[in-house]
Amino acid sequence: MRRLLASILGILLCANALWMLVAPFHWYAHIPGVTETGPANAHLIRDVGCAFLVTALSLLWFAVAPMRAWPAVLAGGAFLSLHVSVHVWDTFAGREHPHRLLTEIPTIILPALLALWTGWPPKQAG
């Protein structure tokens with residue numbers, strides 16, 4: 001189950017990351033809510049795309065070799081969780097409307113939780 005989940009998350013995050021890297025302004029214009037965060041910055045969008053790509057690759061590696069890749073998935077999950085914390089903080093600080101956070105549950109919050117669950121260290125025998 002975790003390998004399948006890692007594959008699906010990895011593919012989706014990889015697609016998003018490549019879109020950010022190849023066409024940052026197109027990505028910026030087509031992701032709901034992003035234009036409300038300020039002007040587009042291609043360099044910053046590509047930087048974040050790199051972090052998403054590393055996370056995606058860790059998940060795809062986990063799908064192939066879970067016993068070796070789980071620490072990398074936890075690191076990627078940490079990035080996704082910190083990304084979530086920025087969104088939550090912006091909401092509590094009044095920079096974002098609370099309804100935005102609700103709309104981000106399936107696209108930002110849930111993937112972070114699933115990545116952490118996927119990469120959680122396996123139980124050691126004995």
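Predicted, not measured: the structure shown is a model, and the values here were computed from it. These values consider heavy atoms only, across backbone and side chains, with no hydrogens, waters or symmetry-generated copies.
- Scanning all heavy atoms of the two residues, the minimum distance from Leu116 to Gly77 falls at CD2-C, 3.6 Å.
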Checklist entry - Run the side chain to side chain contact (heavy atoms under 4.5 Å, CB included) check on Arg68 and Trp61 step by step: do they pass? => result CA-CA 9 Å; Arg68 295 184 70 192; Trp61 181 27; 4.0 Å; yes
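- Smallest separation of non-hydrogen atoms from Ser81 and Ala112: N-CB, 3.9 Å.
- Closest of all the heavy-atom pairs between Val73 and Ser58 is CG2-O, 3.3 Å.
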Checklist entry - When you look at Leu113 and Val84, which way does the side chain to side chain contact (heavy atoms under 4.5 Å, CB included) test go after all the steps? => result CA-CA 10 Å; Leu113 294 173; Val84 167; over 6 Å; no
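- Annotation: side chain of Trp70 is not in contact with side chain of Trp120 (no heavy-atom distance under 4.5 Å).
- Atom OG1 of Thr103 is separated from atom NE2 of His97 by 11.0 Å, given to the nearest 0.5 angstrom.
- By the criterion of side-chain heavy atoms lying less than 4.5 angstrom apart, applied directly or through intervening Ile, Leu, Val, Met, Phe, Trp or Tyr residues, Ile108 is grouped together with Ile105 in one hydrophobic cluster.
- Nearest heavy-atom pair across Arg3 and Pro66 is NH2-CD, 3.3 Å.
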Show every donor-acceptor pair shorter than 3.5 Å between a side-chain atom in residues 41-56 and any protein atom, with sequence neighbours excluded, or say none if there are none.
| from | atom 1 | to | atom 2 | distance (Å) |
| --- | --- | --- | --- | --- |
| Asn41 | OD1 | His43 | N | 3.1 |
| Asn41 | OD1 | Leu44 | N | 3.0 |
| His43 | NE2 | Asp47 | OD2 | 3.1 |
| Arg46 | NE | Leu21 | O | 3.0 |
| Thr55 | OG1 | Ala51 | O | 3.0 |

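- At least one side-chain heavy atom of Leu82 sits less than 4.5 Å from a side-chain heavy atom of Ser85.
- Hydrophobic clustering (ILVMFWY, side-chain heavy atoms < 4.5 Å, transitive): Leu114 and Leu80 are in one cluster.
- Using bins of under 30°, 30° to 60° and over 60° for the plane-to-plane angle, the ring pair Trp19/Trp27 lands in the perpendicular bin.
- For the pair Leu9/Leu5, a side-chain contact is recorded, criterion being any heavy-atom separation below 4.5 Å from C-beta on.
- There is no path of hydrophobic side-chain contacts, each under 4.5 Å, that joins Met1 to Ile8.
- Side chains of Met20 and Tyr28 form no contact here, defined as non-hydrogen atoms less than 4.5 Å apart.
- A continuous path of Ile, Leu, Val, Met, Phe, Trp and Tyr side chains, each step under 4.5 Å between heavy atoms, connects Phe92 with Leu101, placing both in one hydrophobic cluster.
- Proximity of a side-chain donor or acceptor of Thr91 to a complementary backbone N or O of His87 within less than 3.5 Å is detected.
- Atom CH2 of Trp89 and atom CD of Glu96 lie 14.0 Å apart (nearest 0.5 Å).
- Counting heavy atoms from C-beta outward, Leu59 and Ile11 have side chains that stay 4.5 Å or more apart.
- Without hydrogens or angle criteria, His83 side chain to Phe79 main chain gives no donor-acceptor distance under 3.5 Å.
- Of the possible donor and acceptor atoms, one in the side chain of Arg2 sits under 3.5 Å from a partner among the backbone N and O of Trp117.
- Pairing each heavy atom of Ala6 with each of Ala63, the nearest pair is CB-N, 4.2 Å.
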